Every structure is written in structure tokens, then in C-alpha cells.
Amino acid sequence: MVGFPHEMLNAGEQGRYHALMLRRGALAILLVAIAAPLITNATSSCPTLSRNLSRGLTGADVSALQQFLIGQGVLAADSATGFDGLTPSGYFGPKTEQAVQAFQRAQGLVSSGTALTTGFGFVGTKTRAAIAKSCNGSGNSVEGSGVAISTLSDAATLNAEIAAQANGGTVALDPSGSYTFAKSVKGSDGLYTTILIKNAHNFTLDCNGATIYLDAKDTSDYAHFIRIENSDHVVIQNCNFDYVYLPYSQTTLASVSGSSADFLADPAFPISWTTLQEISQYDPSLHQKTRIVLSWDGVTDGSTCVDLSASGNCGKAVHAPVSALGDNLYRVDLSKFPAALAALKVGYHYLLSSQRYGADCLNTRDVAGLTIRNTACYAGAGNTFSVHGGSDLLVDNSGGHIKPGTNRWMSTNTGTILPFDVRGSVTIQNSLLEGGDDDAIAYASAELPIRSIADSTHVVVGWVYPSVPWQVGDAVELVDTTGAIRWTGTVSSLTTPLGGMHLTLSPALPSDTAVGWVMGNRSALGTLTVRDNTIRNNAGDGVISQAPKSIITGNIFANLGDTCFSAFQYYAFFNSGPTPQDISFTNNTCDGAGYQGVSPGAVSVYAL
């Protein structure tokens with residue numbers, strides 16, 4: 001008789017199956033008696049698992065897994081066999097999942113949660129490594145078509161292995177390995193990255209707890225740690241990211257003389273960069289910025305923008321020269337920023353930041369199904385996770401962290417998790433988001449005001465981030481000042497010089513298109529779920545959402561520069577996004593919001 005996956009039967013069907021076997025009498029008993037020793041003997045070899053396995057999958061590798069689990073005593077033989085009673089079914093059902101959970105628990109890998117949230121019942125890289133070690137004493141990180149990498153001095157080899165495993169494979173790092181990389185290649189956004197994952201399908205990068213360092217002394221050397229583009233079902237897990245030379249410094253103002261200021265840096269935070277973009281007065285006892293003396297966009301102590309560009313754009317205009325004087329003393333030339341110079345106070349603590357809105361720890365473009373699990377960013381010139389386009393993002397037990405064992409005031413120089421134009425579901429859960437210099441979570445649609453119009457197909461829209469929200473071929477809409485959609489088309493080309501994003505569009509825009517109208521895509525957002533996180537000591541908001549539906553529950557918010565939660569139709573550089581329609585804010589704790597005094601209240605809802 002052809003074997004049939006026993007686990008695919010529900011309880012009632014299994015009962016009828018057993019009754020059928022009993023009615024078959026001696027034949028059924030004979031089959032079971034023969035089957036037992038055959039299955040037991042099959043477990044003597046290590047299963048070859050070349051992919052991650054989870055509930056619902058079928059195949060010979062599932063059969064091999066079941067044989068192994070039977071040999072471990074965590075799966076009953078008659079629970080895994082087909083109708084013939086001889087061989088494992090090859091179907092990964094609930095009983096196999098329970099057996100995997102029992103094995104994981106016995107190995108000390110994971111003991112609670114689900115396959116999606118914690119990997120409990122999911123056969124990923126760590127579980128496969130434990131299986132290999134258990135059945136043959138091997139300590140290999142990955143077997144089958146995956147690859148394990150111990151020590152690298154450059155990213156080229158790692159990127160080559162990622163490319164080789166991109167279709168259904170896994171690349172794993174040795175937790176005791178050494179990984180210090182410089183910028184390597186450019187992604188489709190034109191920016192440098194160290195690790196590039198592109199055109200991947202069902203791919204996993206598992207760092208196994210290792211830390212990847214960026215070796216970048218100055219802003220010209222900065223790069224994303226990881227760039228992922230045009231891929232689907234990608235998992236990044238168990239990774240830590242840090243800088244060899246931090247993109248910020250913790251200092252005390254020693255003196256002011258003439259047009260310059262001398263800062264004494266904490267010896268753990270030497271300055272390697274030649275210019276800076278921001279100076280902020282900081283109170284380490286409160287974990288708070290108390291005053292932004294010089295802002296990255298040219299604003300000096302709350303005054304008007306100091307325009308240093310010929311284009312009329314203040315964004316990213318600040319580049320104040322920095323020079324080392326020795327003995328941890330550094331001089332900052334503020335001759336172009338007299339208001340900032342006058343606002344400084346000798347003896348006070350200051351954060352000096354080399355760059356704002358720079359390279360991200362993880363930056364993506366058009367990834368359908370992205371999971372970031374057990375991953376921390378300890379330092380970054382830009383955001384922790386910046387996710388553009390694509391769909392279905394899960395962030396679990398991951399985010400920007402103050403590095404354990406250090407006295408750092410910050411994690412990243414900008415925000416923590418920023419999903420832009422991500423469709424489907426965005427879920428951020430069980431995570432610690434701390435020490436970011438902007439919003440912890442900002443879920444928005446990039447909708448940018450027109451600044452100038454060259455002709456009916458060429459416009460310039462406002463944009464200040466180095467990472468652009470669109471690429472050639474993307475669909476966009478034109479919205480007038482009343483909120484009406486006046487045109488839909490595509491991006492034919494784009495460039496991002498200082499002064500805004502230059503777009504070539506097809507077809508031609510309406511003849512009455514005016515400056516101030518908005519380019520964007522109002523259908524680009526899904527549902528945002530933020531649950532069971534700790535969000536603290538961030539200089540901006542806890543959560544900002546433009547999502548039509550937001551579910552914010554079970555979170556602890558503490559010591560935030562702005563609100564714990566804000567739902568906006570209008571957000572920062574995004575002129576008029578989708579209108580929030582369904583908001584659930586339950587069982588959250590909000591303790592200490594709005595210390596910067598910018599946003600009103602602990603919770604703010606606009607345009608509901």
C-alpha cells in the first residue's frame with residue numbers, strides 16, 4: 001500500500017485509521033513488528049539537512065529528520081510512519097514539530113514560544129548544528145548545501161558564499177570567529193555596503209551570535225553592514241553589528257577660544273573623523289539630550305537654517321572640521337556657526353556625531369518576507385533597520401542596543417526601525433529598542449512635496465536621507481493640495497544630488513501641476529503591530545505610524561524625547577500620507593515622554 005502521512009490526519013481520522021488497522025488484524029501487527037527495527041536502524045546515520053525545515057513541509061529530508069527524532073526517543077515510530085508502517089511519512093506535521101521542540105528543549109536551544117517567534121519547533125541553523133553534533137559528534141555549524149565560515153578579513157569571500165547559497169541555502173558564521181570588514185560593494189541604491197544579499201530566495205544568514213565590525217575611520221568609509229535587495233523569504237538572525245571607530249564621541253567641553261571649541265573625549269570614544277554634523281548637550285544621568293546646539297541640517301540652537309549649499313537646501317549642509325590636539329582633546333571649527341559656538345558651556349557633556357542619516361546597520365529594498373531575529377546593532381551612522389518597499393516584515397528580539405559592558409550613551413546616530421512603504425504586515429515584537437538618536441519605530445509612506453518643476457516630466461521633490469524610497473520602474477501618484485489623486489505613473493529615472501530628488505516621470509504630468517503637490521503612493525502601507533517591546537532612552541518618538549491599522553500592545557515606553565505613540569497623516573518630510581483608520585493602543589506603559597518638548601502628550605493622534 002502507498003504510504004500516507006499519518007500526521008496529516010486529524011484526531012477523528014486517526015481514530016478511524018487505527019480502527020481500520022485493527023480490522024486488518026494479523027497483517028497490521030506483522031507490519032508494525034517488521035517496521036520497528038527498520039526505523040531504528042535507519043537512525044544510526046546523521047540526516048543530511050540542506051535546508052531549514054518547518055511544519056507543513058514534505059520530502060526525503062523530513063523523513064531523515066523523523067528517523068533521527070525516533071532514534072532520540074522524542075518521536076514515536078507509529079506517529080511518523082505512513083500507512084505501510086515501514087518508513088517515516090516525510091510530512092512535517094504537529095507531532096514532528098512537538099518532537100523537534102522536545103529535542104530543542106533537551107539541547108538547551110529554546111524552550112518556549114513558536115516556530116515563528118522564537119524558532120521553537122523550527123529546524124534552523126542552530127538546530128541542524130545540534131543534530132549534527134548529537135548524531136556524529138561533529139561541531140559543524142551547517143551541513144548539506146549550507147556553508148560555515150570561521151574567520152574573514154574582507155567581505156568578498158562572504159559575499160561570494162552568500163551568492164552561492166542565495167537560492168534556498170544558509171550561510172553561518174562561527175560565533176568565535178573574527179569579522180571586521182570595510183566597505184565592499186555598492187547596492188542598487190548607489191551606496192556602499194559590506195554584505196550584499198540580492199536576488200535571494202529562502203535564504204538565511206545566521207551569525208550564531210558573532211559580531212561584525214565596520215572598519216571605517218571617516219564618513220567617506222561608512223557603509224551599510226547588510227544590504228538586501230530584490231529578494232524573498234530572507235532571514236537574518238543571531239547577528240551583532242558594531243563599529244571599530246564609533247561614529248560619535250562622548251565628550252566634555254574643555255574650552256572655547258575665538259571661533260573654535262575644544263572637547264575632551266572619553267578615552268573609550270576617540271574621534272577618527274575629520275568633520276562632524278551635530279553637537280548635542282547631553283545629561284548622562286538622565287539619558288537625555290538636553291539641547292541640540294548644532295543640528296545636522298544646519299540649524300544652530302533653534303535658529304534658522306544656515307544654508308551652505310548653492311541649491312537652497314539646508315539638508316546635510318553641516319560639515320564642521322575636527323582636528324586632534326592630543327591627549328583625547330579635539331578642536332571643532334565653528335567659524336560658520338557662531339550661534340552654536342555661543343550656546344556652548346564649558347564643563348558640560350556633549351555628544352559629537354560624525355553623521356546623521358548615514359549608512360544603516362541593515363538596509364533593504366523590495367524584500368518580500370523578511371525576518372530579523374535575535375539581532376542587535378550597537379552603533380551606526382544611520383538607522384538600525386531601514387526597510388524600503390517589499391512586504392511582510394517580522395522583527396523579533398532585535399533592534400538598536402547599548403552594547404553590554406560599555407558606558408555608551410547611544411546606539412545609532414539616527415532611528416531604530418524604519419519601515420517605508422512596506423506592504424502586508426509589519427510586526428515588531430519582544431525587542432529592546434534603546435539609545436537611538438531619533439524615533440524608535442517610524443512606519444511611513446514616502447510622500448514627498450514637489451520643490452520645483454522643470455517640465456511636464458521632470459520635477460525635484462524634497463528628500464534628505466541618503467537612501468531613496470523609490471527606484472526606476474516604481475509606481476507613484478501625484479496628490480494635489482486638496483488630497484485628490486491627480487495622476488498615476490512610473491519613475492523613469494532618478495538622481496539625488498544635494499537639494500532634493502530629481503525625478504523623470506512617465507507619462508506627462510497634468511498641466512496645472514504646482515509646487516507643493518505631493519509625489520507618493522498611498523496604497524503602500526499595511527498593518528503595523530508593535531507588541532511586548534521595551535522602548536527607552538530614545539531621542540525621538542517611541543512609535544510613529546501612518547498605517548491604516550496600528551496595533552500597539554504590551555509595550556514599555558520610558559524616557560523618550562517625544563511621544564510614546566503618534567498616528568499621523570503628516571510626518572516630518574512626508575507631506576500627506578495615508579489617514580490612520582484603525583488604532584488599538586492597549587496594555588502599554590508610558591513613563592517619561594516628551595522631554596524635548598516638541599510633540600504634545602504621551603499619545604498623539606492626527607487626522608484619524
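Here the structure is a predicted model, which means the values were calculated and not measured.
Side-chain atoms of N537 never come within 3.5 Å of backbone atoms of G435 as a donor-acceptor pair (strictly under, hydrogens ignored). Looking at Y192, its side chain never comes within 3.5 Å of a backbone N or O of A182 through a donor-acceptor pair. A donor-acceptor contact shorter than 3.5 Å is absent between the side chain of T275 and the backbone of H319. Here the side chain of N533 pairs a donor or acceptor atom with the backbone of N430 at under 3.5 angstrom.
Between F241 and T211, every side-chain heavy-atom pair lies at or beyond the 4.5 Å cut-off. A heavy-atom distance below 4.5 Å is found between the side chains of T513 and I453. Between N240 and I212 there is no side-chain heavy-atom pair separated by less than 4.5 Å. The shortest side-chain heavy-atom distance between S272 and V244 does not fall under the 4.5 Å cut-off. At a threshold of 4.5 Å between non-hydrogen side-chain atoms, the residues V387 and F420 do not count as touching. Here the side chains of V367 and D232 are not in contact, with every heavy-atom distance at 4.5 Å or above. Looking at heavy atoms from C-beta onward, T375 lies in side-chain contact with F385 at the 4.5 angstrom threshold. Residues S353 and M410 form a side-chain contact, since some pair of their non-hydrogen atoms from C-beta on lies under 4.5 Å apart.
Annotation: ring pair (Phe, Tyr, Trp, His ring centres under 6.0 Å) contacts of W487 (sequence neighbours excluded): none. In this view, F203 satisfies the ring pair (Phe, Tyr, Trp, His ring centres under 6.0 Å) rule with no residue, not counting sequence neighbours. Judged as a ring pair (Phe, Tyr, Trp, His ring centres under 6.0 Å), and not counting sequence neighbours, F181 has no contacts. Considering only residues two or more places apart in sequence or on other chains, S259 meets the side-chain hydrogen bond (donor to acceptor under 3.5 Å, both in side chains) condition with none of them. Applying the ring pair (Phe, Tyr, Trp, His ring centres under 6.0 Å) test to Y222 and every residue at least two apart in sequence or in another chain returns Y243.
The closest side-chain donor-acceptor pair between N374 and N238 falls under 3.5 angstrom.
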Derivation of the side chain to side chain donor-acceptor pair (under 3.5 Å) call for N159 and T157: CA-CA 5 Å; N159 283 326; T157 302; over 6 Å; no
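Using a 4.0 Å cut-off between charged side-chain N and carboxylate O, R373 and D206 make no salt bridge. Electrostatic pairing of K289 and E278 counts as a salt bridge here, judged by a charged N lying under 4.0 Å from a carboxylate O. R408 has a carboxylate O that lies under 4.0 Å from a charged side-chain N of D242, or vice versa, which qualifies the two as a salt bridge.
Between Y282 and W409, the ring-plane angle classifies as parallel under the 30° and 60° cut-offs.
The neighbour count for K217 NZ, taken as heavy atoms of other residues, nucleotides or ligands under 6.0 Å away, does not exceed 12.
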Show me the donor-acceptor pairs within less than 3.5 Å that the side chains of residues 505-512 make with the rest of the protein, sequence neighbours left out.
residue: D512; atom: OD1; partner: R486; partner atom: NH2; Å: 3.1
residue: D512; atom: OD2; partner: R486; partner atom: NH1; Å: 3.4
residue: D512; atom: OD2; partner: R486; partner atom: NH2; Å: 2.9

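Note that CE of M519 is 11.0 Å distant from CG of D474, once rounded to the nearest 0.5 Å.
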